[in-house]
Amino acid sequence: MIVVTGASGQLGRLVIASLLKRVPANQIVAAVRSPEKVADLAALGVIVKQADYSQPDALEQAFAGADKVLLISSSEVGQRLAQHRNVIDAAKRAGVSLIAYTSLLHADRSPLALADEHKATEAYLAGSGIPFVLLRNGWYSENYLASVPAALAHDAFIGCAGEGRIASAARADYADAAAVVLTRAEQAGKVYELAGDEAYTLSELASELSRQAGKPVPYVNLPEAEFKGALLGAGLPEPLADLLANSDSGASQGGLFDDSHTLSALIGRPTTSLSTLITAALA
Ligand SMILES: NC(=O)c1ccc[n+]([C@@H]2O[C@H](COP(=O)([O-])OP(=O)(O)OC[C@H]3O[C@@H](n4cnc5c(N)ncnc54)[C@H](OP(=O)(O)O)[C@@H]3O)[C@@H](O)[C@H]2O)c1
């Protein structure tokens, strides 16, 4: 039995879809805080269990009888360490044989502020005594694609990543990697640094966007504080604007770069190209 937490989220749903190609539905558990969100998965035969990261007893019940648990990092930045500890403690009490954790690319040396909770979770896992495997996911390409409509409207793609090269991949690529790791033997102790095959600067992203959109959408590099201000002006909440500007700044220091090709080797195919994803975003 394989449990996927955060299964109602974008990554979680893709992991379940990928697992369904590999194991029978009745060996997959979707652990979610709102079961009504995954009625479609239940209809496919996936077992659905209610489990909020802040409810230790419900987590333990969701993990009962499970062999492996994929802990998809919580989206509630700032509360994640406490929530992840609850998941790890519950998995230990339930006696699972392996936890896979979606961490951040090069979490141990990343300049991104986002790395702090991941590093702390990795340390907690290491002290837990449960066998674990780290899926250190790089940047989702979709993070940048979300800015495409605004870039087209304003004829500029803004950021503060400078000349930093970004080896992003699609969520579906990271999801396939998780499904492979969850269904392959002898994964305990492994650390996968997962990133896209191609690395690009935001100027290169803007050039490809310009080419496909048929009009110039130049990249405009801003100081971090100005970029954050622009995100706030566009209506983003302060913590998210802060996180995105800090992450772009981390990218300028190489924090989102990796050329190990571990991800494509694991999934047995090239990662989804930026150009393909831009085409999909424009469609
Ligand atoms: N590498 C990157 O570029 C990148 C970018 C964004 C996020 N991330 C990280 O990767 C994770 C997965 O990404 P995603 O795109 O799938 O995010 P997402 O669509 O926002 O999904 C987050 C999932 O976490 C669940 N969750 C949040 N708080 C919870 C709680 N207290 N108890 C139980 N479940 C909880 C959500 O449940 P509900 O459906 O009930 O809300 C949802 O299923 C994120 O949570 C975040 O840690 C990475």
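Atoms within a ligand are numbered from 1 in the order they appear, just like the ligands themselves.
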Is there a heavy atom in Arg80 that sits closer than 4.0 Å to ligand 1?
yes
At under 4.0 Å between heavy atoms, what of Arg171 touches ligand 1? The answer is side chain
Between the OG1 atom in Thr121 and the CG atom in Leu81, the distance rounded to the nearest 0.5 Å is 5.0 Å
Separation between CD1 (Ile2) and CG (Leu182), nearest 0.5 Å, reads 5.5 Å
Under 4.0 Å between heavy atoms, the region of Asn143 that gets near ligand 1 turns out to be side chain
Ranked by distance from atom 16 (O) of ligand 1, the top protein heavy atom is Leu11 N, 2.7 Å
d(Tyr53 OH, Ile72 CD1) to nearest 0.5 Å is 6.5 Å
Between Ser128 and Lys92, the two heavy atoms sitting closest are O-NZ, 2.6 Å
- prompt: Under 4.0 angstrom from ligand 1, any heavy atom of Gly138?
  reply: yes
| For Asp52 and ligand 1, does the shortest N/O to N/O distance drop below 3.5 Å? | yes
Is the shortest side-chain N to carboxylate O distance from Arg136 to Asp258 below 4.0 Å? no
Output for pair (Glu198 CD, Arg165 CZ), nearest 0.5 Å, gives 10.0 Å
For Gly9, the ligand 1 atoms with a heavy-atom partner under 4.0 Å come out as 16 (O), 19 (O), 21 (O), 42 (C), 43 (O)
Atom 45 (O) of ligand 1: closest protein heavy atom, distance to 0.1 Å, is Ser73 O, 2.6 Å
Nearest non-hydrogen protein atom to atom 32 (N) of ligand 1, with distance, is Tyr53 N, 2.8 Å
Counting from 1 in the order shown, the ligand 1 atoms closer than 4.0 Å to a non-hydrogen atom of Lys37 are 38 (P), 39 (O), 40 (O), 41 (O)
Check: of Tyr174, Trp139, Tyr140, min heavy-atom distance to atom 4 (C) of ligand 1 comes from Tyr140
re atom 17 (O) of ligand 1, the protein heavy-atom contact at minimum distance is Gln10 NE2, 4.3 Å
For atom 40 (O) of ligand 1, the closest protein heavy atom turns out to be Arg33 NE, 2.8 Å
(Q) Looking at ligand 1, would Ala31 count as a contact under a 4.0 Å heavy-atom criterion? (A) no
For Gly162, does its backbone N or O pair with a side-chain atom of Asn221 as donor and acceptor, under 3.5 Å?
yes
A student checking ligand 1 against Ala51 at a 4.0 Å heavy-atom cut-off should list atoms 33 (C)
Q.
So, 4.0 Å and heavy atoms of Gln55: is ligand 1 close enough to count as a contact?
A. no
for atom 25 (C) of ligand 1, nearest protein heavy atom and its distance come out as Gly6 CA, 4.1 Å
Q | Under 3.5 Å: donor-acceptor pair, side chain of Gln50, backbone of Pro35 | A | no
If you scan protein heavy atoms around atom 22 (C) of ligand 1, the nearest is Ser75 OG, 3.6 Å
When every non-hydrogen atom of Ala175 is compared with those of Leu14, the smallest separation belongs to CB-CB, 3.4 Å
When rounded to the nearest 0.5 Å, the distance separating CG of Leu135 from CG of Leu266 is 8.0 Å
Between the CG atom in Asp197 and the CG atom in Leu263, the distance rounded to the nearest 0.5 Å is 7.0 Å
| message | Could you tell me if the side chain of Ser74 sits less than 4.5 Å from the side chain of Glu117, heavy atoms only? | response | no
Is Ser54 close enough to touch ligand 1? Criterion: a residue heavy atom under 4.0 Å from a ligand atom. no
Margin query: Suppose we call two aromatic rings close when their centres sit under 6.0 Å apart. Are Phe132 and Tyr101 close by that rule?
Written below: no
protein heavy-atom neighbour closest to atom 39 (O) of ligand 1 works out as Ser8 OG, 2.6 Å
With a 4.0 Å cut-off on heavy atoms, is Ile72 touching ligand 1?
yes
